[in-house]
Amino acid sequence: RSVGTGRAHAKLILLGEHAVVYGAPALALPVPQLSITASAGFSTRGGEPAGVSFTMTGSAWKQVETQASEGLRRLTTDFRASMGIDDARHLDVIIDGSIPLGRGLGSSAACARAVVLALFDLCGREVSERTTFELVQTAENVMHGKASGVDAVTVGATAPLLFQAGEARTPDVGCDALFVVADSGTVGSTKEAVDKLRESFRRHAGTQERFVRQASDLTREAVAALAAGEPAALGSLMTEYHGLLRDGGLSTDRIEAMVGAALAAGSLGAKITGGGLGGCVLALTQPERAREVTQRLHEAGAAQTWIVPLRRLVTHA
Ligand code: PMV
């Protein structure tokens with residue numbers, strides 16, 4: 001094969017981000033409408049030294065090219081070693097996609113998964129989910145320190161997931177509602193957010209245990225509300241979870257304005273999603289309020305918004 005291709009999509013964390021790093025459960029959703037594709041080929045350019053070149057297209061990607069490619073480079077080295085690829089051959093990988101970076105939507109994990117799939121496809125080899133997960137985690141750990149793995153699994157999932165300590169299962173979904181995802185327009189560094197929280201836990205005795213306990217309780221209650229078809233209860237739990245993240249210092253003025261605007265417009269619940277310190281707000285709403293919620297989020301500073309229907313994610317599976 002002369003070109004291998006791979007694709008992965010974005011993800012949203014409904015509840016459980018940050019606590020999942022400490023072994024708590026997290027509820028996550030795949031977002032099929034935002035994705036990244038990678039194409040890999042052996043270089044045809046003469047005199048290219050053995051190794052790998054990444055070309056990222058799309059303006060948003062340019063600024064982080066070097067940072068993102070560090071993890072991808074490590075992943076590719078592990079791939080070469082495991083496949084016994086002749087060191088003299090250079091790899092060219094082209095990455096393109098619609099997932100905005102650093103917004104808590106799993107762009108780095110999606111990018112890594114697309115590259116893994118493209119590399120195996122290039123070699124005409126099947127790859128197991130376990131190997132894919134491990135290679136994506138290699139890149140994630142370079143980028144983020146120690147990643148929980150929730151992003152690595154969800155960017156390849158076809159249904160909502162309950163993830164805990166490396167294991168994922170599909171929760172029951174008994175209700176329909178819409179999620180409005182609103183981009184604050186600012187990049188939040190997941191690594192910085194995870195480090196900030198860890199440092200705050202270190203300085204204040206007992207806070208880590210309390211955060212993990214409260215977060216786990218809210219996530220478990222959300223799993224029950226989702227299964228029982230109670231979107232209003234699910235929404236309140238999301239807003240409560242936002243309170244935990246805000247108290248942990250992970251919100252920003254713009255995020256607070258956006259969460260407030262979504263709630264004032266009749267959302268059932270609203271919160272940061274993902275690492276925080278910027279990134280996106282996730283609001284749960286009944287379909288008839290979606291227009292109003294979206295408009296108010298834009299007025300509060302959202303740079304762009306997307307609608308993710310819960311039901312479609314389930315039937316997508
Ligand atoms: O910001 P994102 O999309 O990378 O989400 C990361 C989720 C965290 O729980 C904050 C980190 C992790 O490793 O699970």
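Whatever order the structure lists ligands and atoms in, that order sets their numbers, starting from 1.
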For atom 5 (O) of ligand 1, find the nearest protein heavy atom and state the residue, atom name and distance (0.1 Å precision).
Lys11 NZ, 3.1 Å
Checking salt bridge (Lys or Arg N to Asp or Glu O under 4.0 Å) for the pair Arg203/Glu199: CA distance, chi angles, key distance, verdict?
CA-CA 6 Å; Arg203 275 188 279 115; Glu199 179 54 22; 3.5 Å; yes
Tell me, which protein residue and heavy-atom name are nearest atom 11 (C) of ligand 1, and how many Å apart are they?
Val21 CG2, 3.8 Å
Report yes or no: does Ser184 contribute a side-chain atom to a donor-acceptor pair with the main-chain N or O of Gly279 at less than 3.5 Å?
yes
Atoms in ligand 1 flagged as close to Gly104, the criterion being non-hydrogen separation under 4.0 Å
1 (O), 2 (P), 3 (O)
Taking atom CZ as the centre, does Arg74 end up with more than 12 heavy-atom neighbours from other residues, nucleotides or ligands that are less than 6.0 angstrom away?
no
May I have the step-by-step check of side-chain contact (heavy atoms from CB on, under 4.5 Å) for Cys111 and Ile95, ending in yes or no?
CA-CA 8 Å; Cys111 194; Ile95 297 167; 3.8 Å; yes
So, regarding Thr190 and ligand 1 (criterion: nitrogen or oxygen to nitrogen or oxygen, under 3.5 Å), is there a contact or not?
yes
Pick whichever of Ile13, Val155, Leu12 has a heavy atom sitting closest to atom 7 (C) of ligand 1.
Ile13
Protein heavy-atom partner closest to atom 9 (O) of ligand 1 - residue, atom, separation in Å:
His18 N, 2.9 Å
Over all heavy atoms of both residues, which pair between Thr154 and Ala28 is shortest? Give the atoms and the distance, please.
OG1-CB, 3.5 Å
Measuring centre to centre across the rings, with the benzene-like ring taken for any Trp, is Tyr22 within less than 6.0 Å of Phe201?
yes
Has ligand 1 got any nitrogen or oxygen that is less than 3.5 angstrom from a nitrogen or oxygen of Glu17?
no
Answer whether the closest heavy-atom distance between the side chains of Leu226 and Leu27 falls below 4.5 Å.
yes
Just which atoms of ligand 1 are under 4.0 Å from any heavy atom in Leu105?
3 (O)
Provide, to 0.1 Å, the distance between atom 12 (C) of ligand 1 and the closest protein heavy atom, together with that atom's residue and name.
Ser148 OG, 3.4 Å
Give the atom numbers and elements of ligand 1 that come within less than 4.0 Å of a heavy atom of Val150.
14 (O)
Near Gly274 (heavy-atom distance under 4.0 Å), the atoms of ligand 1 are 1 (O), 5 (O)
